[in-house]
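What follows is a set of notes on a single structure, which appears directly below.
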Amino acid sequence: MRLSRSLSITSLSGLPLWEEESLPVQDLLLFEVSWEVTNKVGGIYTVIQTKAKITVDEWGENYIMMGPYYEHNFKTQVEKCEPPNQAIKAAMDSLINNGCQVHFGRWLIEGSPYVILFDIGAAAWNLDRWKGDLWNACSIGLPYHDREANDSLIFGSLVAWFFKELTDQLQDKPNVIAHFHEWQAGTGLVLSRSRKIPLATIFTTHATLLGRYLCAGNADFYNNLDKFNIDQEAGDRQIYHRYCLERAAVHCAHVFTTVSQITAVEANHMLHRQPDVVTPNGLNVRKFSAMHEFQNLHSMNKAKIQEFVRGHFYGHLDFNLEKTLFFFIAGRYEFSNKGADLFLESLSRLNYLLRVHKNDFTVVVFFIMPAKTNNFNVESLKGQAVRKQLWDTAQSVKEKFGKRLYESLLRGEIPDISKILDRDDFTIMKRAIYATQRHTFPPVTTHNMLDDSTDPILSNIRRIGLFNGRNDRVKIVFHPEFLSSTSPLLPMDYEEFVRGCHLGVFPSYYEPWGYTPGECTVMGIPSVTTNLSGFGCFMEEHVSDPSEYGIYIVDRRFRSADESCNQLTQFMFSFCQQSRRQRIIQRNRTERLSDLLDWRYLGRFYMHARHLALSRSFPGKFKMDHLNLPPTQGFRYPRPASVPPSPSASLHSTPHHSDEEDDDTYDEEEEAERDRQNIKAPFTLGAEPEGKSNQPLENGN
């Protein structure tokens, strides 16, 4: 059957409608297979969880996720129910009757998708037999000591077994699409294809195995992509069997996708296959009815961070909190991959610039990266206790003062301060002040580190000498634990914390996508990323001048480390020079870009991958008019309408806004509307517009 064309994507704010081919979903079943279904390990969990709603909206009950069964996760996240499809129930019963445990239910997230979860431990008795099956299918052997690889084989074997039973029940109608994420799920794809199970298969790699290992080992990765001996590198790191599983899945899939252009280049060299489709990661974007609401959230949560800072820096609080900016970096503790090394060196240079220029702003920088600790550090807890004691003292004196002032005014007398505040009140206040005296610097970490002497962040803090001294304009707080609203130190969840900060800094060297700057964008918080992250490349494609929208992109691909460090330092220093009004304007612009990261827009790339898989696996039934979607096709946001034109179209404007924006002529709604009108139609980089091949070049000014 020929796929009909329809307008299946609703128009985003300012983004025109895109035509997309609709699938006859009533005649299809879509399965999405991942190790992180109901099982949070890393960023893939966020991809699957946030994408669920738009997929359920499109596919309804014909969309099912598959993952490993963990009892705690099942009891807390899944509502058990019976499969609505009899073929699925029969396939599950077949596995259960053969000694396996399979669970079905609804995952209690937005969209409430169905999930099928396989108990890995209950099927482990088949491991040796399934290792033999894998060897016979593709000559890949797994060592007994690699627990993760063995678990992935059990999971993949159960998935392939299930698909065999299911397709035998369905008898070619409805057809089945199976989308596998990462190498842990890839074994199921390899076994399904080797057994000739009639499936349309898609494999997505979110980051290549070897790429992550090489970058973590400080290899000059991107300049030597074509020079690595892949097999030897994988063998030296004792992951050759995992690499073989990943590569086999890539080459067995009907459609191979990855999450960004930079990862597509990496996959082409590491896995020897060019991705068919790039499927960027999105988020569920919730728009506020009033523009100022997210600004109010910023103010509310900034006040909470300020309270923490008052306690943490007690005795050294000689800086104005109203002129203090909060920067942060967050994510897995991969010191080089996440760019923490570059960030720390840039902070040292920023501290120097702020002191030399006698800038009255202070920057407090938070490192939110989980590391091995044994408890909160006593000095940090004491700081919050001192702050609370001071607050209670002030409240007590205020009540007495207020009552006496009130009585004095009732008598018609001008109050005498010496009578309103007695000697006891002054004694209490003096004791409170003396309690805030501190003879040591405020701690740079909030916890007791197990590997204090060898910890990379602490070692580099010692090297650059940022110890939260009185003369330092850059203060550091290393919080080696994920944030929680129940913490006695910083009682905020991650979303509240991000909203309260001024700038997220993520100068990653290896970041296939990068959810952290994306989350900042959706919340209207400016961020720093790099042209080696998928998010940074995506923004460079879709936004004419990212820095004017609060997306600062550090060049780590074509500049030396020192030049990149200077560029990052300049971005942060320029940000510190902005006025409060300029920061508010920039946050409005940043939040405006959230449409680009909405799954309602980015979900279409997954739709295209499914169309392509069906046309390749069942060419007699499904045909497509356009099999090759240009990877860089999309919409391009213009420079903000109120920003003066740049002298050169090839140069980014500086992060520091013009003085003209400090007057009262700026209107957020008017600028947003003008930007929406100026958004360019779908484009392809490198393509030449029709009818313009013979026209002279326009003046760049």
Side-chain angles (χ1 to χ4, degrees), residues 31-35 37 39 64-69 87-88 90-103 116-170 176-205 209 231 234-235 238-254 256 271 273 613 617:
F31 291 87
E32 198 149 6
V33 188
S34 171
W35 190 259
V37 171
N39 176 40
I64 301 102
M65 295 184 179
M66 304 171 79
Y69 170 82
I88 292 175
M92 287 176 55
D93 289 343
S94 178
L95 267 69
I96 292 169
N97 293 336
N98 281 279
C100 302
Q101 292 185 22
V102 188
H103 304 265
I116 299 173
L117 304 176
F118 300 94
D119 193 322
I120 307 299
W125 55 276
N126 284 303
L127 179 59
D128 289 338
R129 177 165 63 87
W130 285 339
K131 281 188 176 182
D133 292 344
L134 181 67
W135 178 261
N136 293 332
C138 53
S139 301
I140 298 175
L142 303 183
Y144 72 92
H145 57 77
D146 190 341
R147 171 74 180 271
E148 191 175 4
N150 289 329
D151 284 351
S152 74
L153 173 60
I154 297 171
F155 177 53
S157 299
L158 289 168
V159 168
W161 186 358
F162 172 84
F163 280 138
K164 179 70 172 71
E165 297 291 341
L166 177 66
T167 52
D168 287 347
Q169 291 281 335
L170 295 174
V176 177
I177 305 171
H179 190 154
F180 299 82
H181 292 267
E182 283 296 298
W183 70 273
Q184 293 99 326
T187 313
L189 190 158
V190 174
L191 293 172
S192 296
R193 290 303 307 278
S194 68
R195 295 168 186 172
K196 296 181 170 55
I197 300 173
L199 299 172
T201 56
I202 305 168
F203 181 77
T204 296
T205 182
L209 260 173
D231 293 331
Q238 300 184 9
I239 56 164
Y240 187 69
H241 54 288
R242 295 187 183 191
Y243 164 73
C244 289
L245 283 175
E246 181 181 42
R247 185 168 167 181
V250 165
H251 287 271
C252 285
H254 292 106
F256 171 44
L271 301 171
R273 180 175 176 182
S617 54

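Just so you know, residue 1 is the first one in the sequence shown, and it goes up from there.
The salt bridge (charged side-chain N to carboxylate O under 4.0 Å, His left out) check on K164 picks up D168, with sequence neighbours excluded. Residues passing the salt bridge (charged side-chain N to carboxylate O under 4.0 Å, His left out) test with E32, sequence neighbours excluded: K51. Remark: H103 pairs with Y69, F74 by the ring pair (Phe, Tyr, Trp, His ring centres under 6.0 Å) rule, at least two apart or across chains. Under the side-chain hydrogen bond (donor to acceptor under 3.5 Å, both in side chains) criterion, H179 pairs with T204, not counting sequence neighbours. With sequence neighbours left out, D151 forms a salt bridge (charged side-chain N to carboxylate O under 4.0 Å, His left out) with R147. A124 meets the side chain to side chain contact (heavy atoms under 4.5 Å, CB included) test with I154; sequence neighbours excluded. Remark: S617 pairs with no residue by the side-chain hydrogen bond (donor to acceptor under 3.5 Å, both in side chains) rule, at least two apart or across chains. Qualifying side chain to side chain contact (heavy atoms under 4.5 Å, CB included) partners for S157, counting only residues two or more places apart in sequence or in other chains: W130, L153, L191. The side-chain hydrogen bond (donor to acceptor under 3.5 Å, both in side chains) search around E148 returns Q184, R242, not counting sequence neighbours. Evaluation of the side chain to side chain contact (heavy atoms under 4.5 Å, CB included) rule for A185 yields V33, F155, F180 as partners, not counting sequence neighbours. Every residue two or more places apart in sequence or in another chain that forms a side chain to side chain contact (heavy atoms under 4.5 Å, CB included) with D231 is listed here: N229, Y240, Y243, R247.
Put simply, the side chain of S152 gets close to the backbone of A149: a donor and an acceptor are under 3.5 Å apart. At distances below 3.5 Å, at least one donor-acceptor pair connects side-chain atoms of T201 with backbone N or O atoms of H254.
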Criterion side chain to side chain contact (heavy atoms under 4.5 Å, CB included) on L209 and L245, from CA distance to verdict: CA-CA 10 Å; L209 260 173; L245 283 175; over 6 Å; no

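The shortest distance between side-chain heavy atoms of E182 and T205 falls below 4.5 Å. Within the 4.5 Å cutoff, no side-chain heavy atoms of F203 are placed close to those of R273.
For residues 152-161, no pair satisfies salt bridge (Lys or Arg N to Asp or Glu O under 4.0 Å), with sequence neighbours left out.
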